[in-house]
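Just below is one structure, and these are the notes that go with it.
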Amino acid sequence: MPKLRYRKLKANGFEGPTPNFPLGNINDMKKELMKKASATFSSSLNSVFAIGHDIHSLAFPYFASWQKLHGKVFIYWLGTEPFLYIADPEFIKKMSAGVMGKSWGKPTVFKRDRKAMFGKGLVMVEGDEWVRHRHIITPAFTTANVKGMASLMADSATHMLDRWTALVNSGNPEIDVESEIISTTGEIIAKTSFGISFIDGEKVFEKLRSMQVTLFKSTRYVGVPYGNQIMCPKETLKANNLGKEIDLLLMSIIDNRKKMNKDVDRAEHDLLSLLLAGNGRTLSTREMVDECKTFFFGGHETTALALTWTLLLLAQHPEWQTQLREEIKQVMGDGVIDPTKLAGLRKIGWVMNEVLRLYSPAPNVQRQAREDIQVDDLVIPNGTNMWIDLVSMHHDKQLWGEDVDEFKPERFKDDIHGGCKHKMGFMPFGFGGRMCIGRNLTMMEYKIVLSLILTRFSFSISPNYVHCPSIVLSLRPSKGLPLILQPL
């Protein structure tokens, strides 16, 4: 019972904003978002010259204002579900010290809410099921398998750049790079995950995007009993129908692949064949569909957004464009991108970390306690939902110093934590046993696509850009990212 969990949390010394039954704090959150939207509109009139990176109060205005009142650990409510909000790395360290990966749950309320999108894929399963899925999936992400996908990535990126060249040559130097990159990484994930043609990939992809917008653009009533069915029935029905259509599409892709004689060449290079091979252990078709959705969503979205935010920051800092071009020339020469040399692109690694710090595509981590967890003299009761605010920690002056909101990739030169005063203060891929399984794939794709862009274009911010980072499950530029491109 949520009420009982709340009493336990209060009894254990946690406090927070007062909830109102049955919406909890949802109305307060909406009010703060409305205030932010009108403030953003008035400041966007002189936007390009005033792009600041202090984005916590833009992305999560309600958390920013509650932190001032209640500190970095407090309780708030989504409907009738209490959540423990955490933006304190020391608290996270103590809380996760003795907890194994499989002992963390996912908030039940999100599992229900996002079922159409993730089903029971790796992001949502837990306990022994999580261990089984992880064991089957992990071999697909070995270094050798990931390197085998490099040429697919380079091909898709090159097609995109050829398109840009044609646009610029025909007198259109302004391009919305966000939509371009999202469709290219979609093409990459379709090829590397399923070995499917982009045509099939695009169908799945468009439906997934549409579902994401349906689920996250409407006013949501997560945690309110029957809230979404009563308050936004059209959107809820649309998301469920899209979920079924995506499942049918993926099932036909998987069944076709099972029927095909195992094509040796392809079997080495895409995630679906590796899952179908399954080294003795297999997933059911239903589980396979959910994993495919998870790859599709997790695999392209975070990479696409990391690249998009990188282009914004590099457009602001042309001196870094120059530094990276020099590094690419030194490490790669003028030839083709060689995946075995990517590790040598150290500065690109620093830039990636700094972008993931300033504009974390995955802005939060959610967990649910599966046992009582002791933190100093406080007890987090079994069943407690937790919301870990990465944007807040990545922008915390106490952890990073006064220049926290400045773009300084060199902070990662000699320190993988970027000089953060606490090792848990920088968590671009989550933490503990449930860290992101595809991070090597993401890093490789990021380095390949960015290197190719930098060797063919220099770019600056278009006067039409409006700086308005917002959350649609991930952190994205809500008005796109128009850049002015100059071929090199």
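Here the structure is a predicted model, which is why all the values come from computation and not from measurement.
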Distance-only side-chain donor-acceptor flag, Glu445 / Thr185, under 3.5 Å: no

Audit row: Asp403, Lys397, salt bridge (charged side-chain N to carboxylate O under 4.0 Å, His left out) steps and yes/no: CA-CA 8 Å; Asp403 60 0; Lys397 275 187 184 155; over 6 Å; no

Centroid-centroid under 6.0 Å between Tyr62 and Tyr85 rings: no

Other residues, nucleotides, ligands: >12 heavy atoms within 6.0 Å of Gln486 CD: no

Nearest non-hydrogen partners of Glu327 and Arg346, listed with the distance: OE2-N, 3.1 Å

Pairwise distance CG(Asp88) to CD(Gln398) - rounded to 0.5 angstrom: 9.5 Å

Pair Arg456-Thr165, side-chain donor/acceptor within less than 3.5 Å: yes

Side-chain donor-acceptor pair present, His395, Asp405, cut-off under 3.5 Å: yes

Between Ser458 and Gln321: side-chain donor-acceptor atoms closer than 3.5 Å: no

Six-ring centre of Trp320, Arg325 cation under 6.0 angstrom, axis tolerance 45°: no

Atom NZ of Lys413: over 12 foreign heavy atoms under 6.0 Å: no

Nearest heavy-atom neighbours spanning Arg411 and Arg357: NH2-NH2, 3.1 Å

Ring center gap for His317 and Phe407 short of 6.0 angstrom: yes

Pairwise side-chain contact, Tyr465 with His467, heavy-atom cut-off 4.5 Å (strictly under): yes

Any side-chain heavy-atom pair of Lys93 and His422 under 4.5 Å: yes

Phe426 and His394 aromatic ring geometry - parallel, tilted or perpendicular at 30°/60° bounds: tilted

Residues Glu174 and Ser462: side-chain donor-acceptor under 3.5 angstrom: yes

Evaluation steps, side-chain contact (heavy atoms from CB on, under 4.5 Å), between Tyr359 and Leu305: CA-CA 9 Å; Tyr359 291 94; Leu305 289 167; over 6 Å; no

Under-4.0 Å salt bridge between Lys72 and Asp389: no

